[in-house]
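Notes follow once the structure below has been shown.
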Amino acid sequence: MATIDKAYNAHTVEDRWYKIWEQSGAFRGEIREGVDPYTIMIPPPNITGMLHMGHILNNALQDIFIRRARLEGKTALWFPGTDHAGLATQTRVEKKLREEGLHRRDLGREKFLDEVWKWREEHGNIILNQLRKLGASCDWSRTSFTLDDHYYKAVLTSFVKLYERGYIYRGLRMSNWCPVSQTALSNEEVIMKPQRGLFYKMRYEIVERPGEYVQISTTRPETLMGDVAVAVHPDDERYTDLVGKHVWRPFPREKIPIIADKAVEKDFGTGALKVTPAHDQVDFDIGQRHDLPVLDVLNPDGTLNELAGDPFVGMDRFEARKVAARKLEELGNLVDTEQYENSVGFSERADVPIEPRLTMQWWMRYPKVDETKRAVKEGHIRFHPKRWEKTYLHWLETMERDNIDWCISRQVWWGHRIPVWYRKGIGKDDLDFNNPEHVHVSVEGPADPENWEQEEDVLDTWASSWLWPFANFGWPDAEGQTLEELKHFYPTSTLVTGFDIIFLWVARMVMAGLEFMGEEKEKLTSDEIAARIPFKDVYFTGLIRDEKGRKMSKSLGNSPDPLDLIKKYGADGLRFGVVNIAPSGQDILFSEDRVEVGRNFCNKLWNAARFRQMSGEVGNNTSEEVIIDRIDPEKLSTYDHWILNRLEEVTAEVERCFNKFEVHAYPRAMYEFFWNDYCDWYVEASKSRMKDPSTQSTVLAVQDLVLRQVLLLLQPIIPFITEELWQNLGFAGSDSDLLQNCQVKTAVDLKALIEAKVGALDADALAEIELVQELITRIRAMKAEYNVASRRDIPFFIQSDKLPIIDGHMETILNLAQIQSLEAVDDHPEGMPAGVTHLGTAFLDLAHSIDVAAERQRLEKELGKLEKGIRAGEAKMKNGKFLSSAPPAVVEGAREQLAKTQARYDEIQKLLMSLPKE
RNA sequence: GGGCGAUUAGCUCAGUUGGUUAGAGCAACUGGUUUACACCCAGUAGGUCGGCGGUUCGAGUCCGUCAUCGCCCACCA
């Protein structure tokens with residue numbers, strides 16, 4: 001047992017222990033017969049990611065859950081890994097290549113992928129190493145990557161199965177196209193942003209009636225070259241006689257028909273809509289209904305193509321908008337423009353407006369939508385906070401109602417290449433997907449690859465990460481050990497994640513689990529759902545913002561580097577600070593002083609332990625039992641009973657926090673108990689008994705018992721410092737006995753253990769100590785008010801009908817209140833300021849040097865407060881309905897309250913009367 | 001246009017199923033070299049719980065409504 005240094009040096013302690021933990025295998029999650037598993041799958045960070053505050057919050061919480069599970073004796077497995085993050089990583093490496101003057105197309109697919117792998121080897125695990133600094137107790141031996149061979153196979157298998165089951169198809173459909181990344185995106189990767197722009201009102205001349213015009217409004221004049229019709233509502237009388245006629249499209253000048261379609265809103269704009277099937281979903285649908293051609297005037301990179309005609313060819317779409325407007329004006333087609341605000345979809349990653357674009361993509365109809373809803377509705381999966389269930393269900397209902405499919409193909413290279421092969425020599429348009437001679441779909445690929453060409457596209461990253469909870473356990477071909485593990489650890493226990501990926505990831509993982517974790521089945525029973533779900537509880541964290549409520553971002557520079565914070569405050573301090581403010585709501589306003597609170601708490605803990613070590617020899621502390629054996633029940637004071645009762649209470653409170661997922665209440669409860677109850681009151685009150693040889697060993701044993709339990713309870717939040725103190729206070733039998741491997745006693749067990757040895761804990765101690773503390777606080781306040789706070793030679797008097805209690809705590813009162821004496825009196829000594837408490841009225845002897853005016857003011861103020869209470873209490877007592885309908889305990893409580901308040905009131909009233917006249 | 005959430009002390013937030021006179025941390029102010037801790041100790045001040053209405057013996061807590069703010073979903077060009 002080392003001597004505890006005066007100052008806690010977080011860095012050396014943290015680095016040292018992390019190594020020991022890892023080497024000792026403390027984080028290994030392995031099957032133990034007859035022991036309940038507790039599993040967390042890390043939300044795999046992107047390999048491009050750097051640790052930010054969001055990760056800290058997220059992973060600190062996971063670590064807390066997993067460490068608590070270990071303490072509860074479960075087989076805890078926290079499964080780590082990273083996500084290949086297709087588009088993000090590819091963009092990153094392309095950027096690097098561009099700096100070297102290269103483009104991915106120069107290298108070709110294979111060489112480019114080599115470059116990405118190289119980059120991944122260098123940078124891909126940085127974030128996991130950063131998590132180690134935080135203290136994350138992952139089972140690193142299992143670290144997984146979504147492009148590992150087995151994972152790759154799992155992804156392809158899921159594709160093939162869904163294809164065979166009819167959920168996946170290829171189709172030419174309107175999709176969200178990102179002109180910068182040049183790939184399709186799913187709806188979830190498109191972010192709607194309000195945009196201020198212009199609303200152009202144009203007029204097209206009617207072919208059959210020269211000189212007459214139809215007015216049309218648009219926000220996108222640059223696409224008018226792709227117009228193939230003008231549509232009006234069939235019931236719109238203004239246009240009835242025009243339907244079937246034509247207008248002149250100004251450029252390229254061409255006749256296009258006026259058609260009637262119900263999709264047009266009569267009351268919006270002019271009621272006439274230009275139809276551009278290649279660049280808008282509604283227009284496309286109209287085009288389909290009216291058999292209109294599709295004129296795509298855009299290139300994949302967002303510039304205009306030959307179909308747009310001069311001068312637009314090769315021009316960027318935003319430039320083209322201005323030029324088109326100018327041209328309309330020159331031609332006399334522009335009627336007017338007005339300011340306009342509408343929502344435009346942006347590519348999440350590239351942050352540019354997406355283009356609705358007609359492209360050939362792979363689509364997935366979501367499987368098991370109904371069961372995915374039922375998993376939550378029937379309570380198999382519980383969300384914390386519960387309100388996110390509504391968001392989840394609402395999204396699923398929308399998917400179901402509107403038949404929204406998932407665009408799963410991406411036109412990038414880094415990812416899982418879609419396992420579909422097309423027979424060479426067959427034209428794209430002639431492919432028959434029902435003919436195995438034309439299209440081959442399998443995990444292994446065709447036996448004669450030379451005759452086939454593989455699909456170029458890869459899968460959406462989320463179409464791989466949705467398998468995370470079971471692909472990591474060896475699915476689809478888990479066997480032997482991995483199969484055992486899949487059975488043992490799946491469904492996993494708790495998912496900790498941000499609500500922002502509830503659709504992208506959470507809902508889809510549930511679907512994947514329901515679809516794949518068992519035989520293929522159209523409909524699932526409730527029991528089957530329970531067996532297949534990927535996790536039982538989902539804990540959603542808030543989003544971390546800066547102290548002004550702004551999103552943390554690199555460009556704002558308002559995102560602190562967590563590693564700097566660890567350097568400054570220690571990982572434990574950071575963890576405590578962050579968890580202390582964890583799930584307040586949607587947003588978490590972060591500022592550094594939160595972390596300061598955590599650091600200060602660690603400092604307090606450190607010093608309390610140090611004080612214990614300085615106060616007397618540390619005996620055998622290796623179990624609760626041996627510590628309790630050192631307690632002499634005869635020597636236990638009311639204060640001891642009080643702190644042991646409180647220890648039981650706080651232990652129960654921590655249990656409740658975990659059971660109910662009320663994580664934020666947990667550090668709060670510990671802070672309050674340890675700092676206020678233990679340090680400020682119990683230790684202070686015990687100081688004299690610690691020096692008294694007859695009581696010392698008992699008091700120190702009580703302290704050891706409290707400290708031991710406190711370290712166990714705090715270990716999940718602040719694992720490093722607790723481990724260090726665990727050793728230093730002799731709770732470990734030897735250097736190799738780690739706190740990590742210990743279990744925590746439940747409140748019930750702890751109490752039973754104590755009571756078995758020392759007899760029943762005095763439950764009344766709680767109330768009694770409260771009275772004593774109130775008196776001490778009152779006396780301290782009086783001293784401060786009369787500017788004698790620092791003097792210890794002030795005598796006090798007390799008038800009380802509970803003198804035995806006061807006598808029993810006399811030493812404590814004198815010590816903690818820092819007064820010379822507390823002498824009982826029968827009456828109010830003349831001219832002394834008084835403080836009324838539930839234990840009696842205390843008088844401060846200032847040798848009659850009282851400031852009468854100040855005293856009167858103070859007493860009157862208090863009288864005012866009490867009067868309010870009395871009025872409220874009396875109203876209740878007169879209220880027959882209250883007396884008859886409120887529970888007896890509440891009525892009794894109110895009655896007592898009133899009596900006490902009344903007594904205090906009378907007391908103060910008397911004091912006031914006895915004040916000398918000014 | 002739908003939906004979700006928030007509004008409590010100067011700031012950030014607690015406040016469990018309605019039940020004593022609404023709490024904490026930070027900041028502020030006052031006083032402290034109490035031999036564990038100034039990353040500390042003691043104390044003080046600060047709130048008509050967003051407004052209005054309702055249910056109830058009783059509302060910060062439940063219901064309605066309005067206001068402000070935030071988020072999500074949605075093909076009015």
Side-chain angles (χ1 to χ4, degrees), chain A residues 4 6-8 174 192 199 216-220 231 263-265 267-269 272-276 280-285 342-343 356 385 387-388 390-391 394-395 398 402 499-500 502-503 543 547 549 569 573 580-581 584-591 593-594 596-597 599-615 656 660 662 664-665 668 671-672 679-680 683-684 687 777 780-785 787-790 792 815-818 865-866 868-870 872-873 875-876 879-887 889-891 893-898 900-901:
Chain A
I4 299 174
K6 179 158 176 159
Y8 172 55
M174 196 57 72
M192 300 305 284
F199 203 33
I216 302 157
S217 301
T218 184
T219 53
R220 302 202 58 192
V264 181
E265 293 280 337
D267 302 329
F268 188 81
L273 167 71
K274 72 186 203 58
V275 182
T276 322
D280 187 276
Q281 179 70 48
V282 175
D283 292 17
F284 178 75
D285 294 340
N342 66 342
S343 285
R387 63 191 155 88
W388 293 112
K390 290 180 190 164
T391 309
H394 187 255
W395 181 75
T398 307
D402 300 341
F499 59 83
D500 50 328
I502 193 164
F503 313 136
L543 242 47
E547 63 264 50
Y569 301 103
N580 200 18
I581 57 168
S584 14
Q586 283 200 181
D587 295 332
I588 296 165
L589 270 47
F590 178 83
S591 65
D593 49 10
R594 309 308 188 97
E596 239 170 83
V597 172
R599 191 243 349 233
N600 294 353
F601 183 74
C602 290
N603 179 257
K604 190 71 181 176
L605 181 63
W606 183 259
N607 275 290
R610 178 163 164 261
F611 183 58
R612 162 61 192 94
Q613 203 185 48
M614 289 163 63
S615 303
R656 193 191 67 82
K660 303 259 180 186
E662 284 181 26
H664 61 290
R668 221 177 280 263
Y671 187 98
E672 223 175 85
C679 292
D680 289 349
V683 173
E684 291 304 326
K687 277 183 174 168
T777 302
R780 285 168 173 170
M782 289 169 74
K783 286 178 70 187
E785 277 160 38
N787 294 322
V788 290
S790 51
R792 298 189 222 173
N815 284 338
L816 296 199
Q818 294 282 323
K865 269 194 209 165
L866 293 170
K868 255 172 73 186
I870 288 170
K876 272 185 195 163
N879 185 333
K881 280 193 176 165
F882 171 72
L883 298 176
S884 59
S885 31
V890 172
V891 175
R895 196 189 308 278
E896 270 174 36
Q897 177 66 28
L898 177 59
K900 278 184 191 169
T901 310

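This structure is a prediction, so every number in the text was calculated from the model and none was measured.
Using C1' as the reference atom, A67(B) and G50(B) are 8 Å apart when rounded to the nearest Å. A24(B) and A14(B) have their C1' atoms separated by 7 Å, given to the nearest Å. For the C1' atoms, the distance from C62(B) to G25(B) is 30 Å, rounded to whole Å. Taking atom C1' in both A27(B) and U33(B), one finds a spacing of 26 Å when rounded to whole Å. Of the C1' atoms belonging to U20(B) and A59(B), the separation is 15 Å, rounded to the nearest Å. Using C1' as the reference atom, A28(B) and G10(B) are 8 Å apart when rounded to the nearest Å. Taking atom P in both C75(B) and U68(B), the straight-line distance is 27 Å, to the nearest Å. Across the P atoms, U55(B) and U17(B) are found 24 Å apart, a figure rounded to whole Å.
The CZ atom of F590(A) sits 16 Å away from the C1' atom of C11(B) (whole-angstrom rounding). Computed from coordinates, the R656(A) CZ to U17(B) C1' distance equals 12 Å when rounded to whole Å. Note: CG (N342(A)) to P (G1(B)) measures 16 Å, nearest angstrom. Rounded to a whole Å, the CH2 atom of W606(A) is 17 Å from the P atom of C40(B). For K783(A) and A42(B), the NZ to P distance is 13 Å, given to the nearest whole Å. To the nearest angstrom, C1' of C41(B) lies 15 Å from CG of N815(A). Between the CD1 atom of I588(A) and the P atom of C13(B) there is a distance of 9 Å, rounded to whole Å. When rounded to the nearest whole Å, the span between CZ of R387(A) and C1' of G70(B) equals 11 Å.
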Determine, for nucleotides 23-39 of chain B in 5'-to-3' order, which nucleotides have protein heavy atoms under 4.0 Å from the base (write B), from only the sugar-phosphate (write S), or from neither (write -).
-> --SS-------S-BB-B
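For the pair K604(A) and Y671(A), the cation-pi test (distance below 6.0 Å, angle within 45°) is failed.
Between H394(A) atom NE2 and F503(A) atom CZ the span is 8.5 Å, to the nearest 0.5 Å. Rounded to the nearest 0.5 angstrom, E684(A) CD and C679(A) SG are separated by 8.5 Å. Annotation: the span from I502(A) atom CD1 to W388(A) atom CH2 amounts to 6.5 Å, rounded to 0.5 Å. Separation of atoms CG (L273(A)) and CD (E265(A)) is listed at 10.5 Å; rounding is to 0.5 Å. Note that the CE atom of M174(A) and the CG atom of D283(A) stand 8.0 Å from one another [nearest 0.5 Å].
In terms of position along RNA chain B, the nucleotide closest to E662(A) lies nearer the 5' end than the nucleotide closest to the other residue of the pair H394(A) and E662(A).
Side-chain nitrogen and oxygen atoms of T391(A) include none within less than 4.0 Å of the OP1 or OP2 phosphate oxygen of G3(B). Proximity of K390(A) to the phosphate of G5(B): a side-chain N or O atom is located under 4.0 Å from OP1 or OP2.
With a 4.5 Å cut-off on side-chain heavy atoms, M192(A) and S343(A) count as touching. Between F611(A) and K687(A), some side-chain heavy-atom pair lies under the 4.5 Å cut-off. Here the side chains of F499(A) and L543(A) are in contact, with some heavy-atom distance below 4.5 Å.
Using a 4.0 Å heavy-atom cutoff across all strands shown, Q281(A) reaches no nucleic acid atom at all. Within the 4.0 angstrom heavy-atom criterion, no nucleotide atom of any strand lies near T276(A). Contacts of V264(A) with the nucleic acid, taken as non-hydrogen atoms under 4.0 Å apart, include base atoms. Among the atoms of the strands shown, base atoms are found under 4.0 Å from some heavy atom of S217(A).
Checked by atom type and distance alone, the side chain of N603(A) never pairs as donor or acceptor with a backbone atom of R599(A) at under 3.5 Å. With R780(A) contributing its side chain and Q818(A) its backbone, the two residues share no donor-acceptor pair below 3.5 Å.
Stem regions for RNA chain B, each three or more consecutive Watson-Crick or G-U pairs with both distances under 3.5 Å and listed by first number, read B:1-7 with B:67-73, B:10-13 with B:23-26, B:28-32 with B:40-44, B:50-54 with B:62-66.
Checking C76(B), C75(B), G43(B) against the side-chain heavy atoms of V282(A) singles out C75(B) as nearest.
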